[in-house]
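Just below is one structure, and these are the notes that go with it.
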Protein chains: 2
Amino acid sequence: MARAAASKTRTRIQREKTELILTAALEVFATYGYRGSTIDQIAGQAGLSKPNLLYYFDNKDAIHSRLLERLLETWLAPLHALDENGEPITEILAYVTRKLEMARDFPRESRLFANEILQGAPRILDQIAGPLKTLVDEKALIIRGWSQQNQIAPVDPYHLIFSIWSTTQHYADFDTQVSVVLGPRAATRFDDAARHLTDMFTKLLRP
Amino acid sequence: MARAAASKTRTRIQREKTELILTAALEVFATYGYRGSTIDQIAGQAGLSKPNLLYYFDNKDAIHSRLLERLLETWLAPLHALDENGEPITEILAYVTRKLEMARDFPRESRLFANEILQGAPRILDQIAGPLKTLVDEKALIIRGWSQQNQIAPVDPYHLIFSIWSTTQHYADFDTQVSVVLGPRAATRFDDAARHLTDMFTKLLRP
DNA sequence: TCACCCTTTGACCTGTTGGTCAAACCAGCA
DNA sequence: TGCTGGTTTGACCAACAGGTCAAAGGGTGA
C-alpha cells in the first residue's frame, strides 16, 4: 500500500501532490473513461513518474473512486438548492441557470459523470439509487405540489428534471459537436443557450 | 491483411460473420468506448476466437470505423426528413418523436456516438464538420424561415436542435440513471417522455 | 468424390499496462 | 550540522492486448 494513503494526508507536499494528481486524473478519466485511461497518462499529465503517483494512491481504482466521491456532492448541490418556499418558476429557472453554469465551468466533471453512466454506472450505482434518487424524489414532490396548486403548468416532474439535466449537460458533454456545428457562433454558445433554455422552460412552466 | 477484407464480402459465411462481429462490436464499443474495449471482448461477445475475428477485419480500428460509417447515415436520417413544405410545428414534433424512437430502438448506436463525441470525436470530426454541419445549417435555415414568417415562435434554430438532440438521446445514453431514478415508473419511460417532450416543444414553438 | 479455397484455430510474438521494490534523495527540525 | 522520516526513482515483473502465422478443418462446385 502507498505510504501516503496509510493515514490522512498531513504534510504540505502530500496535500499538493494529491490535488495535482486528482486534477490530472479528472482530465484523463473525463476524456477516455476508466478503462481507456492509463496510470502513465495521468502521471504524465501531472508531471510525475508512475511510481511516484502510486506513492500517493494505492492504485488506479483508488484515484477514480476519490474523484467520483467528490463528484456527487458537487453534482447534487444545485438541485439541493431548489427551495420549496421560493417562487416556483424563479426557482426552476435558477436551477437551469446553475446547471448551465456548471456545464460551462466544470465540463470535465460533467464528462466524468457521463462516462460513468454510459458504462452502466458500475461504480456509482449505489449513489444513484441512494442519495441521488432520494433527492430527486424529494424535489419531484415539491414540483408536483406546485403543479397541483397551479403555480406552474401541469408537468411530469421527473421528465422535467431529465430535460433540465440533458439540455444543460449537453453543452459540456457534446461540446466538440456543439462548437463545430456552431462555427464562429460558438463563442457565445453559453449565453445563447441560457437565453434559449430560459425561454423554453418559462414557456413550459407558465400556468 | 485479413483475407475476407481483401475484396467485397461475397460468401454467405462472410456476410453472416461480418454482421455478427459488427453487432457484437457495437455492444462492446458502445459500453466501453474505443480504448476501453478489447478484441477479445468483442470476439467473446460474438462467440468467435480472436484470430477468427481478425480474419474478417484487419484490426480493431477497422471494426470501429465500419460502425461509425454506418452510424452517421442512420443518425442523420430523421433530420434529413424534416420537410420545408410541411406544417412547421408538425414537422418539428415529428422529428422529436422520431429521435425519441431511435433512442428507444437503437440505444447502442446512441451510446457509440456519445462515447465518440465525449472523447473529442477523434475519428468522426470530419463527418461532424462536413455532412452533419451542412445538414444542420440547411435545416436551421428552414426553421429560421418559419420563425420569420411567424409560423412558429422566434427561436434560435441551432439551440432548438441541440435541445431536441439532448433531451431525446438522454433516454438512451443515461438510461441507467433514468431507470434507477424512475424505479417502477421506468416501464413507461418512453411513452411518458414522448408526452412530456411533445408538450414542451409545442409550448416553445407555438407562435 | 475430390480438389480447392474459404474458414478456423493454437501457438506465438511484441508492446503496453498495472503494480512492486530497494535504494537513493531530500526537507526540516533538534 | 546531522538525523529522521517523508519523497522520488530506475529497474523489474506478471498479466494483458493487438496482431501474426502455419497448419488443420470444412463446404461445395466440377
Side-chain angles (χ1 to χ4, degrees), chain A residues 1-25 27-29 31-68 115 119 122-123, chain B residues 1-25 27-29 31-68 115 119 122-123:
Chain A
M1 155 171 328
R3 277 275 172 71
S7 55
K8 287 282 176 186
T9 300
R10 36 169 74 122
T11 77
R12 175 183 55 86
I13 291 180
Q14 276 177 32
R15 256 176 281 122
E16 291 174 1
K17 290 290 163 71
T18 302
E19 213 48 48
L20 183 70
I21 292 168
L22 286 174
T23 303
E27 179 74 34
V28 176
F29 282 137
T31 303
Y32 299 105
Y34 181 74
R35 293 179 41 165
S37 303
T38 72
I39 298 183
D40 276 304
Q41 247 181 310
I42 299 170
Q45 178 85 18
L48 299 176
S49 67
K50 181 168 61 172
N52 196 6
L53 182 150
L54 287 167
Y55 171 70
Y56 293 102
F57 287 89
D58 283 350
N59 49 43
K60 185 180 169 182
D61 195 73
I63 310 174
H64 195 245
S65 298
R66 187 81 75 83
L67 283 175
L68 288 182
N115 252 310
Q119 300 183 13
R123 298 156 203 278
Chain B
M1 156 174 322
R3 278 278 169 68
S7 54
K8 286 283 175 187
T9 301
R10 36 170 74 122
T11 78
R12 175 183 55 84
I13 292 181
Q14 277 177 31
R15 255 176 282 121
E16 288 174 4
K17 291 291 163 73
T18 302
E19 213 48 48
L20 183 71
I21 292 168
L22 286 174
T23 303
E27 180 74 34
V28 176
F29 282 138
T31 303
Y32 299 105
Y34 182 74
R35 293 181 38 168
S37 304
T38 72
I39 297 183
D40 276 304
Q41 247 181 309
I42 298 169
Q45 178 84 19
L48 300 177
S49 66
K50 182 168 62 172
N52 197 4
L53 183 151
L54 287 167
Y55 171 71
Y56 293 102
F57 288 89
D58 283 351
N59 49 43
K60 186 180 169 183
D61 195 73
I63 310 174
H64 195 245
S65 297
R66 186 82 75 85
L67 283 174
L68 288 182
N115 251 310
Q119 300 183 13
R123 298 157 203 277

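The sequence lines fix the lettering, A, B, ..., with proteins before strands; numbering per chain opens at 1.
- Rounded to whole Å, atom C1' of dG18(D) lies 16 Å from atom NE2 of His64(B).
- Closest to the Pro51(A) side chain, of the nucleotides dA11(D), dT8(D), dG19(D), is dA11(D).
- One interatomic measurement links the two molecules: CG of Leu54(A) to P of dT9(D), which rounds to 13 Å at whole-angstrom precision.
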In sequence, state the C-alpha distance, the side-chain angles, and the governing distance for Tyr55(A) and Lys17(A), and then conclude on side chain to side chain contact (heavy atoms under 4.5 Å, CB included). CA-CA 10 Å; Tyr55(A) 171 70; Lys17(A) 290 290 163 71; over 6 Å; no
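- Computed from coordinates, the Leu20(A) CG to dT8(D) P distance equals 10 Å when rounded to whole Å.
- Side chain of Tyr55(A), nearest nucleotide from dG18(C), dT7(D), dT9(C): dT7(D).
- Taking 4.0 angstrom as the limit, Ser49(B) places a side-chain polar atom (N or O) nearer than this to OP1 or OP2 of dT9(C).
- Under the ring pair (Phe, Tyr, Trp, His ring centres under 6.0 Å) criterion, Tyr34(A) pairs with Phe29(A), His64(A), sequence neighbours left out.
- Distance, Asp61(A) CG to dG19(C) C1': 14 Å, rounded to whole Å.
- For the helix from dT1(C)-dA30(D) to dA30(C)-dT1(D), the angle separating the two terminal helix axes comes to 10°, with each axis derived from five pairs and the value rounded to 10°.
- Within the 4.5 Å cutoff, the side chain of Asn115(B) has no heavy atoms near those of the Thr31(B) side chain.
- The shortest heavy-atom contact between Leu53(A) and Ile63(A) is CD2-CD1, 3.6 Å.
- Counting to the nearest Å, the C1' atom of dT20(D) and the NZ atom of Lys60(B) are 18 Å from each other.
- Tyr56(B) has a side-chain polar atom (N or O) that falls below the 4.0 Å cut-off from OP1 or OP2 of dT8(C).
- Here the closest heavy-atom approach between residue Ile42(B) and residue Ala24(B) is recorded as O-CB, 3.7 Å.
- In this structure, Leu53(B) atom CG and dG10(C) atom P are separated by 15 Å, rounded to whole Å.
- The separation between Arg35(B) atom CZ and dC16(D) atom P is 19 Å, rounded to whole Å.
- Rounded to whole Å, the distance from CG on Asp40(B) to P on dT20(D) is 15 Å.
- Each of Leu48(B) and Ser37(A) lies near DNA chain C, and the nucleotide nearest Leu48(B) is the one positioned closer to the 5' end.
- Look at Lys50(A) and you won't find any side-chain N or O under 4.0 angstrom from OP1 or OP2 of dT20(C).
- By the 4.5 Å heavy-atom criterion applied to side chains, Asp61(B) and Phe57(B) are not counted as neighbours.
- Within the structure, a side-chain polar atom (N or O) of Gln14(B) is placed less than 4.0 Å from OP1 or OP2 of dT7(C).
- Scanning all heavy atoms of the two residues, the minimum distance from Asp58(B) to Ala62(B) falls at N-CB, 4.2 Å.
- Taking side-chain N and O atoms only, Asn52(B) has a distance below 4.0 Å to OP1 or OP2 of dT9(C).
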